[in-house]
Peer 1: 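Take this structure, written in C-alpha cells, and hold onto it; I'll ask about it next.
This chain uses plain numbering: 1 for the first residue, then up along the sequence.
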Amino acid sequence: MEIKEYINQNKDRFIEELFSLIRIPSISSQSEHKGDMVKCANRWKELIIASGADKCEIMPTKGNPVVYGEKFLSKDYPTVMVYGHYDVMPVDPISEWKTKPFEPIVKDDYIWARGADDDKGQSFMQAKAFEYMVKSGKLKCNVKFMLEGEEEIGSGSLYDFCKENKELLKADIILVSDTGMIAADVPSITVGLRGLGYIEVKVTATKCDLHSGIYGGSVANPINVLCQMISQLTDENNHVTVPDFYKEVIELSADERKLMAKAPFSEKAYLEETGATELHGEKGYTTIERTGIRPSLDVCGIWGGYTEEGAKTIIPATASAKISFRLVPDQDYTVIIERVSNYIKKIAPSCVKVEVKPLHGGYSYVSPLDMPAYKAAEKAFTKTYGKQPIPTREGGSIPIVAGFERILGTKSILMGFGLGSDAIHSPNENYPLQQFFNGIETVSYFYEEYAQIMKK
Ligand code: BES
Ligand code: MN
Ligand code: MN
C-alpha cells in the first residue's frame, strides 16, 4: 500500500492517538504537572511500541524522564534517531483560548490544542511515518526514538543523559520535526537555529512598599529604574548596546545575503500572523535576516508593584524582569550572559541593588547542505510538495540540537512542518491536518531516500 492510501485509511486513528497525548497537560515549567510528565512519557511509550518498535523504555534523568525506543533491522542499514519533545508551554492567558487547550478538537480541518504543532503534532508524524515504513516492509534504516520532557525549559537534564548514553544514542543522523516551513505551499528545510540566553533581573530599592505620597520623589522607584535600565539595552536603531554583544557574530557576505533574500517573504502574511501593524527590528537588515542571522534581545516578562483592581498609591520595593537573547554563530551563550549581566550591573544606579540570575541557555546550530540527510530530505519534500524546498535559517531555538553535535558528534536534519499561523506558545495553538498528513508522507519518503543514499 502506498503512503497516501495508508494515511487515508488510518487518519481517524492517527488523530485519536495524537489526541491521547495532547490530553495530558505536560507543562514542563509548572511543578504541579510533574505527574503529567510521567503520564505523557508512558503514553508515548505505548504508542511507540504500537507503531512497530522492538522495544521502548522510560529512562530516568535528573529531571523529567526520556522515552527511548528502537527498531534494529540490520547492521548494514544506516541508523536514524528521531528526536522530539513531549513537554509543552503553559497556556496562559487562558481567557484568550476559543477552545480548551487540553481538549483537542478538529475544526475546519485544523487541530486546535496546546501541543497540536509544538511538538506533539509534529513528533507524532514521526511515529506514524515510522509505523508505515515498518508495516509496509519498506524500512531499510535502523530507527531510534528519543523524546524528552524538558525542551521548553532548556533541556537541562538531557545534556548529561546524552553524555551517559553515548553508545545507546549512536546514529548516523538525528531527525527532528520541531520547526516550521515558509508557507503551506512553500516547502523549506531549516538549516539554522538560533541559540539562546535567558536571565532574570531583580531590582530592589527599599525594605518594603512605601506610601507614594509620603516618599514619592525622595527614594528610588525600582520599576522606574528597571525601565530606564532596560531602555539602555537597545538604541534608536534597535541595535543591542551591550558592549561586545556582536563581537563574535559572523557577518554574511553580500552574496550570501542575496541568496537569503531569494526566499519568498510575505509582509502581509507576517503582519496578519502576528497582528503587528508594522515590521520592527534592527536597522540595516531584512526581516528574514533579523530572525535568521542576527541576534536579538527581548524582555519576556516584567513585574512589580500593584497590579490588582483599582489604584493603590505605593512605591514598590522591588521590580523584576525576565530577559532573553537569541544568538547566532559564533556567539557563546555563557559569554553573552556574562556580558549582558555585567552591563546591567554597570548601568545600575547606586540607589538600587541589582541581582542577575541566569536561567538557561544554548548554542545556535547550522547544518550543512551537502550532507546525505539534507539531500534525502530535499528529495522527500519535493515528492510531497512538487517543489524543491528552500533552505532557511529560523529564529527559534532547539538548544539540544547543538548539544547533540557537541556531545554525540551527530548532525541533525530539521524536517519541520509548522506554519507561522500555528500560534505555538500562544493561545489557540493549531495545526492544519494537511500539514500533519504531508509530514507523515514526507518523512516516510525521507527514510526511503536516506537508505538509498547511504547504501554501501
Ligand atoms: N519548536 C520550538 C523551536 C522552533 C519553533 C524552532 C519554530 C524553529 C521554528 C521549540 O519548542 C521552542 O520553543 N524552543 C524554545 C527553546 C527554549 C525554551 C530553550 C524557544 O525557542 O523559545
Ligand atoms: Mn518545539
Ligand atoms: Mn516550543
Peer 1: What I want to find out is whether Lys268 reaches Glu273 closely enough, with some N-O distance under 4.0 Å, to be called a salt bridge.
Peer 2: no
Peer 1: With a 4.0 Å cut-off on N to O distance, would you call Glu16 and Arg23 a salt bridge?
Peer 2: yes
Peer 1: Which residues satisfy the side chain to side chain contact (heavy atoms under 4.5 Å, CB included) test with Ser426, sequence neighbours excluded?
Peer 2: Ala423
Peer 1: Which residue pairs pass the salt bridge (Lys or Arg N to Asp or Glu O under 4.0 Å) test when at least one of the two sits in residues 404-431, sequence neighbours left out?
Peer 2: Arg114-Glu429, Glu405-Lys411
Peer 1: What pairs with Lys353 under side-chain hydrogen bond (donor to acceptor under 3.5 Å, both in side chains), at least two apart in sequence or on another chain?
Peer 2: none
Peer 1: Can a side-chain donor-acceptor contact be found between Tyr83 and Gln126 if the only test is distance below 3.5 angstrom?
Peer 2: no
Peer 1: Walk me through it: do Lys144 and Glu70 pass the test salt bridge (charged side-chain N to carboxylate O under 4.0 Å, His left out)?
Peer 2: CA-CA 4 Å; Lys144 300 179 174 180; Glu70 63 181 37; 5.1 Å; no
Peer 1: For Tyr333 and Tyr363, take the angle between the two ring planes, folded into 0 to 90°, and tell me which bin it lands in: parallel under 30, tilted 30 to 60, perpendicular over 60.
Peer 2: perpendicular
Peer 1: Taking only residues two or more places apart in sequence, or in another chain, which ones meet Glu17 in a side-chain hydrogen bond (donor to acceptor under 3.5 Å, both in side chains)?
Peer 2: Arg13, Lys128
Peer 1: Excluding sequence neighbours, so at least two apart, what forms ring pair (Phe, Tyr, Trp, His ring centres under 6.0 Å) with Phe417?
Peer 2: Phe381
Peer 1: Mind checking what makes ring pair (Phe, Tyr, Trp, His ring centres under 6.0 Å) contact with Tyr86, not counting sequence neighbours?
Peer 2: none
Peer 1: Does a donor on one side chain sit under 3.5 Å from an acceptor on the other, for Glu152 and Ser29?
Peer 2: no
